[in-house]
Protein chains: 2
Amino acid sequence: MCPSRLVLEHVTSRWGVLVLIRLLERPYRFSELRRAIGRVSEKMLSQTLQTLERDGFVHRDAKPVIPPRVDYSLTDLGYEAAEQVQALAVWTEERMREVAEARRTYDEARSVR
Amino acid sequence: MCPSRLVLEHVTSRWGVLVLIRLLERPYRFSELRRAIGRVSEKMLSQTLQTLERDGFVHRDAKPVIPPRVDYSLTDLGYEAAEQVQALAVWTEERMREVAEARRTYDEARSVR
DNA sequence: CGGTATCCAAAAGGATACTG
DNA sequence: CAGTATCCTTTTGGATACCG
């Protein structure tokens with residue numbers, strides 16, 4: 001299987017999408033990002049950030065202070081990815097009315113049979 | 001949670017992406033699509049197509065002949081979605097060299113410590 | 001604060017058999 | 001041919017406890 005498919009899956013993954021879109025706005029700290037996204041476990045957020053960092057989409061800046069402070073931001077590569085993902089997310093929102101209509105038609109046809 | 005997120009997940013899902021990109025090229029029959037994608041079970045392909053059809057992205061045309069013949073194609077809505085998904089897939093492929101380089105750097109830094 | 005480790009529940013996904 | 005049904009395996013994700 002094509003290796004780029006795995007990278008694409010990283011950026012289009014459930015939490016990957018949300019992280020990228022948030023970081024498009026500005027850098028975030030770990031807990032801040034967690035609150036902003038909502039209903040994401042520490043484990044998944046941590047895992048998602050590590051994957052995106054390893055692929056070169058996210059930059060991790062850990063300041064050696066107490067208490068610890070870690071800022072996450074987009075790299076240039078991540079910025080490009082995030083813009084496209086956001087465009088798709090925005091497009092989807094704009095088309096929700098049509099999707100809802102398609103679903104009604106689909107469900108309707110099935111309930112009759 | 002936002003309902004459009006679910007729709008976005010449908011189009012960016014593992015098999016959803018591959019189906020949309022294939023159908024961008026031309027209509028496909030079920031088995032044909034399965035062979036084209038490769039390594040997808042009947043169950044998952046069927047499920048993916050049903051979801052995309054219900055959301056209004058894919059049109060299903062079942063001809064009442066024996067043996068059965070079913071053609072799948074993109075709707076106008078699906079075409080728009082597929083184009084964006086493909087753009088993201090193409091972008092990812094083009095950036096694979098940078099991703100690979102980022103990974104080497106990341107893994108290198110970790111193995112030293 | 002920003003994680004990791006562990007364990008468990010839930011969901012996704014595959015293989016096979018079967019049907020109209 | 002184009003699926004559905006069933007069963008099973010794998011992966012994903014959450015909760016909790018703990019650490020530097």
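Naming convention: chains lettered A, B, ... in sequence-line order (proteins, then strands); numbering from 1 in each chain. Predicted, not measured: the structure shown is a model, and the values here were computed from it.
Atom CG of A/Asp76 is surrounded by 12 or fewer heavy atoms from other residues, nucleotides or ligands within 6.0 Å. Heavy atoms from other residues, nucleotides or ligands lying under 6.0 Å from CZ of A/Arg97 number 12 at most.
If you walk DNA chain C from 5' to 3' and mark each nucleotide with an atom closer than 4.0 Å to a heavy atom of chain B, the marks span C/dG13 to C/dG20.
Within the 3.5 Å criterion, the main-chain N or O of A/His59 finds no donor-acceptor partner in the side chain of A/Thr75. Of the possible donor and acceptor atoms, none in the side chain of B/Glu108 sits under 3.5 Å from a partner among the backbone N and O of B/Thr105.
Within residues 18-26 of chain B, no residue has any heavy atom under 4.0 Å from DNA chain C.
Atoms CZ (B/Phe30) and P (D/dC1) sit 12 Å apart, rounded to a whole Å. Protein atom CZ of B/Arg39 is 17 Å distant from nucleotide atom C1' of D/dT10, rounded to whole Å. Atoms CG (B/Leu33) and C1' (D/dG3) sit 14 Å apart, rounded to a whole Å. If you measure from atom CD of A/Glu9 to atom C1' of D/dT11, you get 12 Å, rounded to the nearest angstrom. The interatomic distance linking B/Met44 (CE) with D/dA5 (C1') rounds to 15 Å, in whole Å. For the pair A/Gln47 CD and D/dG14 P, the interatomic distance rounds to 10 Å; values are reported in whole Å.
Put simply, CG on A/Leu6 and OG on A/Ser13 are 12.0 Å apart, with the number rounded to the nearest 0.5 Å. The line from CD of B/Glu101 to CE of B/Met96 is 12.5 Å long, rounded to the nearest 0.5 Å.
For the pair B/Arg35 and B/Glu42, nearest-nucleotide mapping onto DNA chain D gives the more 5' position to B/Arg35. In this structure, A/Gln50 and A/Pro67 both approach DNA chain C, and ranking their closest nucleotides by distance from the 5' end singles out A/Pro67. Where B/Val40 and A/Arg69 meet DNA chain C, the nucleotide closest to each residue was compared, and A/Arg69 sits on the side nearer the 5' end.
B/Glu32 and B/Arg35 are not joined by a salt bridge, as no carboxylate oxygen comes within less than 4.0 angstrom of a charged side-chain nitrogen.
Comparing D/dC1, D/dG20, D/dG13 by their nearest atom to the side chain of A/Pro68 picks out D/dG20.
Residue B/Ser31 places none of its side-chain N or O atoms closer than 4.0 Å to OP1 or OP2 of D/dC1. Residue B/Ser46 places none of its side-chain N or O atoms closer than 4.0 Å to OP1 or OP2 of D/dA2.
Rounded to 10 degrees, the angle separating the terminal axes of the helix from C/dC1-D/dG20 to C/dG20-D/dC1 is 50°, with each axis obtained from five end pairs.
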Evaluate the criterion salt bridge (charged side-chain N to carboxylate O under 4.0 Å, His left out) for residue pair A/Arg5 and A/Glu9; output intermediate values, then yes/no.
CA-CA 6 Å; A/Arg5 281 258 24 239; A/Glu9 282 179 20; 3.0 Å; yes

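Both the sub-6.0 Å distance and the 45° axial angle are not jointly satisfied by B/Arg34 relative to the ring of B/Phe30.
Side-chain atoms of A/Arg54 and B/Tyr106 include no donor-acceptor pair closer than 3.5 Å.
A/Trp91 has its side chain within reach of B/Gln84: a pair of non-hydrogen atoms, C-beta onward, lies under 4.5 Å apart.
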